[in-house]
> 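Before I ask anything, let me first share the structure, which is written out below as structure tokens.
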Amino acid sequence: MSAPRIYLSRPLRTGDVVTVTAHQARYLETVLRMREGDALSVFNGTAWEYDAVLRRTEEGVALAIGDSRPVPADGIEITLCQAIPKADKMEAIIRHATELGAGRIVPFFAERSVPRWSAAQSERKRERWQKIALEASRQCGRTDIPEIAEVAAFGQVVRAVRPEHLNLICWEEESAMGIREVLRDPRHGGITSFLVIIGPEGGFDGDEVAQALSAGCLSVSLGKRVLRVDTAAAAVLSILQYERGAIGAAGKGGPHGR
């Protein structure tokens, strides 16, 4: 069984003794039933992971920070631009995207998006999604945490397209070009930075696709099946990771299906 992991939002060095928050103390002692001297792992959003040992001090539960080790990056950079779906589907998308290596997630309102929020509501949602990304990073063994960007409009997403990236818009009406063919095209073989745009339940408006194509995106199909919006995001990220070697290669991992 792998050691428990927690996140500390501060610089860390071997030899530090760091007092944890009350919430973390309850989690370690009550949920995990850890006691003085038990071992765990700590990360702080950098590319390093640290061994730690639980200690009891006058200030409360603390962690004695031990050896550090670098955790190699995937070698692939993914920005997921996701049209905000109905209900709480975005929360599942954030969790899956974190597990599948997205480095940045940009929520946006498309023409056919059903939810519409005020700026204040959007910021509260973003803060919650960032916490979900942090927790998903802790659970899946990542040492970095995806950035959840401010909620954007579709025009802002299109302006984020960069020529050095492979910019893809997933469109259910695309019939000429599949994502596998694009990724295996020799012209794109050396590209490891991706921007992927996925629409809402009702799909993209034709004008939105035209805007994306004009900005330098390639329109791609995910296959003959119609996927739910949350399934589509996980499918695209899995395909990108597999085609670039970050999924499917040998490596130590934790339980699958947690």
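The first residue in the sequence is number 1, and the count goes up from there.
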> So do the side chains of Arg5 and Gln139 get within less than 4.5 Å of each other, counting heavy atoms only?
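No; the side chains remain at least 4.5 Å from each other.
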> Can we say Glu243 and Arg180 salt-bridge, meaning some charged N sits less than 4.0 Å from an Asp/Glu carboxylate O?
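Salt bridge between Glu243 and Arg180, a charged N being under 4.0 Å from a carboxylate O: no.
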> Is there a side-chain contact between Thr143 and Trp48 (heavy atoms, below 4.5 Å)?
no
> Would you say Ile191 ends up clustered with Leu237 if hydrophobic residues are merged whenever their side chains have heavy atoms under 4.5 Å apart, either directly or through other cluster members?
yes
> Once side chain to side chain donor-acceptor pair (under 3.5 Å) is applied, what residue pairs with a partner in residues 30-42 remain, sequence neighbours excluded?
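For residues 30-42: none.
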> Given side chains that start at C-beta, do those of Phe204 and Ile197 come closer than 4.5 Å, heavy atoms only?
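Of all side-chain heavy-atom pairs linking Ile197 with Phe204, at least one is under 4.5 Å.
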> Is there a side-chain contact between Pro107 and Ile148 in this structure, where contact means two heavy atoms from C-beta onward sitting under 4.5 Å apart?
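Yes, close enough: below the 4.5 Å cut-off.
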> Measuring only between side-chain heavy atoms, which start at C-beta, is Val18 closer than 4.5 Å to Arg10?
yes
> Membership question, hydrophobic clusters at under 4.5 Å side-chain separation (ILVMFWY): are Ile132 and Trp117 in the same one?
yes
> Do Ile84 and Pro200 come within less than 4.5 Å of each other through their side chains, counting heavy atoms only?
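No; the side chains remain at least 4.5 Å from each other.
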> Looking at every heavy atom in both Leu8 and Leu12, which two are closest together, and how far apart are they?
CD1-CD2, 4.0 Å
> Is it the case that over 12 heavy atoms from other parts of the model lie below 6.0 angstrom from the CZ atom of Arg112?
yes
> What's in the same ILVMFWY side-chain cluster as Leu134, cut-off under 4.5 Å, chained through other members?
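So far as hydrophobic clustering goes, Leu134 is joined with Tyr7, Phe43, Ile145.
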> I'd like to know if Val158 and Leu195 are part of one continuous hydrophobic network [Ile/Leu/Val/Met/Phe/Trp/Tyr, side-chain heavy atoms within less than 4.5 Å].
yes
> Are the side chains of Asp144 and Ser137 in contact, using a 4.5 Å heavy-atom criterion?
no
> Examine Tyr27 and Tyr50 and state if one hydrophobic cluster contains both, with Ile, Leu, Val, Met, Phe, Trp and Tyr joined whenever side-chain heavy atoms are less than 4.5 Å apart.
yes
> Report, as yes or no, whether the 6.0 Å neighbourhood of atom CZ on Arg128 holds more than 12 heavy atoms from other residues, nucleotides or ligands.
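Open: at most 12 neighbouring heavy atoms sit under 6.0 Å from CZ of Arg128.
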> Mind jotting down which residue pairs meet the side chain to side chain donor-acceptor pair (under 3.5 Å) criterion with at least one end in residues 159-174? Sequence neighbours excluded, please.
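Checked against side chain to side chain donor-acceptor pair (under 3.5 Å) - neighbours excluded - the pairs reaching residues 159-174 are Glu174-Ser219.
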> Which residues pass the ring-ring contact (aromatic ring centres under 6.0 Å, His included) test with Phe108, sequence neighbours left out?
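Counting only residues at least two positions away or on another chain, Phe108 forms a ring-ring contact (aromatic ring centres under 6.0 Å, His included) with Phe154.
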> With rounding to the nearest 0.5 angstrom, report the CG to CD distance, Asp230 to Glu91.
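Asp230 CG to Glu91 CD: 12.0 Å, rounded to 0.5 Å.
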> Determine the minimum heavy-atom distance between Ile76 and Leu240, stating which atoms define it.
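Scanning both residues completely, I find the closest heavy atoms to be CD1-O, 3.7 Å.
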> Using distance only, find each side-chain donor-acceptor pair of residues 62-73 under 3.5 Å and give its atom names and separation, not counting sequence neighbours.
unit_1 : atom_1 : unit_2 : atom_2 : d
Arg69  : NH1    : Asp51  : OD1    : 2.7
Arg69  : NH1    : Asp51  : OD2    : 3.3
Arg69  : NH2    : Glu49  : OE1    : 3.4
Arg69  : NH2    : Asp51  : OD1    : 3.2

> Please name the pair of heavy atoms, one in Asn44 and one in Pro11, separated by the smallest distance, quoted to 0.1 Å.
ND2-CA, 3.9 Å
> Can you name the residues that form a side-chain contact (heavy atoms from CB on, under 4.5 Å) with Ile179, not counting sequence neighbours?
Leu168, Leu183, Val220, Leu222, Val236, Ile239
> Yes or no on side chain to side chain contact (heavy atoms under 4.5 Å, CB included) for Gln241 and Ile78, after CA distance, side-chain angles and deciding distance?
CA-CA 9 Å; Gln241 294 280 18; Ile78 304 173; 4.0 Å; yes
> Which atom names give the shortest non-hydrogen contact between Leu32 and Pro4, and what distance separates them?
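Looking at all heavy atoms of both residues, the closest pair is CD1-CB, 3.6 Å.
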> Can we say Arg126 and Glu123 salt-bridge, meaning some charged N sits less than 4.0 Å from an Asp/Glu carboxylate O?
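Between Glu123 and Arg126 there is a salt bridge, with a charged N closer than 4.0 Å to a carboxylate O.
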> Test Val151 against Trp129 for side chain to side chain contact (heavy atoms under 4.5 Å, CB included), laying out the working first.
CA-CA 11 Å; Val151 176; Trp129 294 334; 4.1 Å; yes
> Look at atom CZ of Arg187 and say whether more than 12 heavy atoms of other residues, nucleotides or ligands are closer to it than 6.0 Å.
no
> Show the nearest heavy-atom pair for residues Arg244 and His188, with the distance to one decimal.
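In terms of heavy atoms, the two residues are closest at NH2-O, 3.0 Å.
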> With a 4.5 Å cut-off on side-chain heavy atoms, are Met90 and Gln82 touching?
yes
> Measure across Cys170 and Val196 and return the closest heavy-atom pair with its distance rounded to 0.1 Å.
SG-CG1, 4.0 Å
